Amino acid sequence: MRIQKFMLAASAATLALTMGAASAQEVVRIGTEGAYPPFNVLEADGTLTGFDIDIANALCEEMEVQCEFVTSDWDGIIPGLLAGRFDAIIASMSITEERKQQVDFTEKYYNTPPAIAVPNDSELTEATDEALSGIALGAQSSTTHSNYAEEKLPSADLRLYPTADEYKLDIASGRIDAVIDDVIVLSEWLDSEDGACCKLLDTLETDPVINGEGAGIAVRPGEDELREKFNAAILAIRENGTYQEINDKYFDVDVYGS
Amino acid sequence: MSVIQRVLPPEPPPPALAAGWSASRIIGHLFLAIWIAGSVALFLFLVGSYDSQKMIQYGPGYLSGLWITLQLVIISVVLGAILSVPVALGRMSTNKVFGALAYVYVYFFRGTPLIAQLFLIYYGLGQFRGALETVGLWTFFREPWYCALFAFTLNTAAYQAEILRGAIASVPVGQHEGAAALGLPRNVTFRKIILPQAMMVALRPYGNEIILMIKGSAIVSIITVFDLMGETRRAFSRTFDFQTYLWAAVFYLLIVEALRNLWAVLERRLTRHLKR
């Protein structure tokens with residue numbers, strides 16, 4: 001008897017809880033990497049910071065939903081989205097044809113070109129395939145930059161790292177002679193203490209097929225409602241100055257691109 | 001004085017137990033059926049979703065990755081076997097200093113994850129470039145391949161040393177005494193009497209250790225050595241097709257299956273005196 005009463009009370013409580021949550025703001029779980037400063041960084045105290053995170057928060061505010069961040073390995077971030085671990089990826093993911101076959105993208109929220117950085121004492125003067133022939137070139141694996149290196153700089157000895165942190169360690173210790181990544185990511189690092197070893201060699205010409213149209217927000221295929229909400233929110237924060245504010249907080253240049 | 005008067009005639013063997021369908025037998029057959037169905041389904045899936053385009057594009061990568069995995073494991077296991085002998089002798093030594101050194105070595109390498117050791121050796125030592133250059137070791141530690149080989153060798157040597165020590169300790173003390181009674185020198189005793197008997201005991205654990213190394217080596221892509229697993233992840237990142245991992249699993253299974261058969265042959269060879 002007692003047990004039945006208890007169960008009844010428990011199920012009533014659960015019902016009340018779920019109903020309470022439903023009436024509150026809708027929760028959108030955002031997947032991000034957290035190892036790509038200055039765009040998304042998992043700080044030592046466990047908080048997420050960076051341009052992507054601020055943009056995500058601004059978008060969620062605009063969409064009047066509650067943002068909840070989930071971190072994932074870069075390699076597993078698209079499978080994580082497809083498996084429903086989160087509802088959208090805001091992690092500086094370039095909109096490419098290969099990825100479009102798996103997920104749907106919003107319009108871009110920024111677009112910056114790739115660049116190559118080298119140690120200060122490097123003898124390299126230009127970033128062409130010929131000049132980089134036989135040079136140990138570091139890149140983060142499964143990125144548009146590693147694809148770019150594979151296709152446009154095939155003569156270089158490409159080394160693929162799980163995150164950007166590791167190639168930074170390796171170029172500082174002199175194991176590799178150059179790294180390729182987003183120009184903003186490289187500039188941020190070069191300006192910091194850790195990047196004192198190195199300098200920017202050159203910015204590269206983007207290839208629309210490899211680099212895509214810029215960084216967008218990925219959602220599961222067919223989730224057009226969420227995608228359109230994001231698109232509207234991107235437009236809104238572009239117009240009401242929130243985007244500019246976040247942009248200026250991190251960068252000297254406008255990263256939205258043309 | 002007693003003499004055998006009568007020999008009992010040979011009796012027929014007792015009748016075989018009736019092979020009824022006991023519960024455990026039914027469950028056993030059921031499980032076997034599930035396994036067989038699973039393998040058939042896997043095979044059909046691989047055949048059915050065979051994509052020659054992907055095969056042409058990523059097949060060569062898989063093969064080069066497989067070759068890297070094999071090279072890494074074979075070389076590190078052989079070097080580890082050589083290194084394990086002094087470590088095992090140190091572990092058995094009555095000398096306090098040697099004993100402690102070997103103990104600490106084994107304790108560290110068995111007690112910490114291989115991935116941590118690999119990371120420490122590659123990225124950790126990378127921070128001491130100046131010091132390594134002075135002693136002329138930088139050319140070695142600069143290359144991710146050598147770092148991987150170094151880490152794997154040190155790791156497997158610790159495990160192999162324990163296998164070797166256990167196997168040697170398992171040989172009965174009477175074997176040592178018998179050899180001593182025959183006046184055999186210590187090194188001959190070790191090589192011809194102790195080691196062959198120890199090897200019988202050690203063979204299976206060695207096989208396990210190699211299998212663990214094959215699978216453990218899959219982490220090596222974190223230091224940019226693209227082995228079978230690294231190539232798989234690369235292919236997956238371009239196709240987002242989980243089949244890429246299935247192929248990797250098939251390759252690993254094939255390696256382990258080949259090793260298992262080799263080990264069966266070795267065991268038959270080592271224990272041929274026990275066969276009737």
Side-chain angles (χ1 to χ4, degrees), chain A residues 35 73-83 89 93-94 96-103 119 121 136-151 156-177 179 194 197 210 218 220-221, chain B residues 51 53-54 57-58 60-61 64-65 68 115 118-134 137-148 150 218-227 229-246 248:
Chain A
D73 272 354
W74 183 247
D75 283 343
I77 205 162
I78 286 184
L81 174 72
L82 297 177
I89 299 172
M93 182 173 276
S94 302
T96 65
E97 281 307 317
E98 275 177 2
R99 288 175 184 149
K100 272 186 191 167
Q101 292 173 8
Q102 298 296 319
V103 294
D121 57 359
L137 173 67
Q140 184 179 2
S141 65
S142 322
T143 60
T144 51
H145 308 296
S146 69
N147 294 351
Y148 187 97
E150 267 176 30
E151 276 163 45
D157 168 18
L158 182 62
R159 308 263 179 95
L160 297 175
Y161 293 85
T163 74
D165 294 335
E166 278 117 12
Y167 73 59
K168 289 172 187 168
L169 281 175
D170 257 10
I171 194 169
S173 69
R175 272 205 187 100
I176 50 177
D177 311 307
V179 296
D194 296 334
C197 64
I210 302 171
R220 277 183 291 276
Chain B
D51 184 340
Q53 182 60 38
K54 278 180 194 156
Q57 199 169 357
Y58 300 108
S64 85
I68 299 257
I115 193 166
L118 187 64
F119 221 88
L120 276 176
I121 286 171
Y122 187 71
Y123 293 110
L125 288 181
Q127 310 294 303
F128 300 102
R129 179 182 177 178
L132 289 171
E133 260 174 349
T134 358
L137 285 173
W138 179 245
T139 40
F140 181 86
F141 286 107
R142 184 171 199 236
E143 296 302 319
W145 163 260
Y146 289 128
C147 287
F150 186 64
I219 58 166
V220 76
S221 65
I222 64 158
I223 62 162
T224 76
V225 176
F226 268 57
D227 67 331
M229 200 63 204
E231 291 292 347
T232 305
R233 293 204 348 233
R234 197 211 309 248
F236 180 74
S237 78
R238 302 299 294 265
T239 59
F240 301 104
D241 183 350
F242 81 95
Q243 220 194 112
T244 51
Y245 282 101
L246 262 180

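Keep in mind the model is a prediction, meaning the values are calculated, not measured. By convention in this document, chain letters (A, B, ...) are assigned in the order of the sequence lines, proteins followed by strands, and residues within each chain are numbered from 1.
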Quick check on B/F226 against chain A: is it the side chain, the backbone, both or neither that has a heavy atom closer than 4.5 Å?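 Side chain only.
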
Closest heavy-atom contact between [X] and [Y]?
| X | Y | value |
| --- | --- | --- |
| A/D177 | B/R142 | OD1-NH2, 3.5 Å |
| B/T224 | A/L160 | CG2-O, 3.3 Å |
| B/F236 | A/D75 | CE2-O, 4.2 Å |
| B/P144 | A/R159 | CD-NH1, 3.7 Å |
| A/Q102 | B/T239 | NE2-O, 3.5 Å |

Rounded to the nearest 0.5 Å, what separation is found between the [atom1] atom of [X] and the [atom2] atom of [Y]?
| X | Y | atom1 | atom2 | result |
| --- | --- | --- | --- | --- |
| B/I223 | A/Y161 | CD1 | OH | 9.0 Å |
| B/F240 | A/L81 | CZ | CG | 10.5 Å |
| A/E150 | B/R238 | CD | CZ | 5.5 Å |

Please list all pairs meeting salt bridge (charged side-chain N to carboxylate O under 4.0 Å, His left out) that have one or both residues in residues 161-176 of chain A, counting only residues at least two apart or in different chains.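 Pairs touching residues 161-176 of chain A that pass the test: A/D170-A/R175.
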
Which one of B/W138, B/Y123, B/F128 satisfies the side chain to side chain contact (heavy atoms under 4.5 Å, CB included) criterion with A/S173?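 For A/S173, the side chain to side chain contact (heavy atoms under 4.5 Å, CB included) check succeeds only for B/W138.
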
State which residues pass ring pair (Phe, Tyr, Trp, His ring centres under 6.0 Å) with B/F141; sequence neighbours excluded, sorted by chain then number.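 Partners of B/F141 by the ring pair (Phe, Tyr, Trp, His ring centres under 6.0 Å) criterion, ordered by chain and then number, come out as B/F150.
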
In terms of heavy-atom proximity below 4.5 Å to chain B, should A/E97 be classed as side chain, backbone, both, or neither?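 Neither part.
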
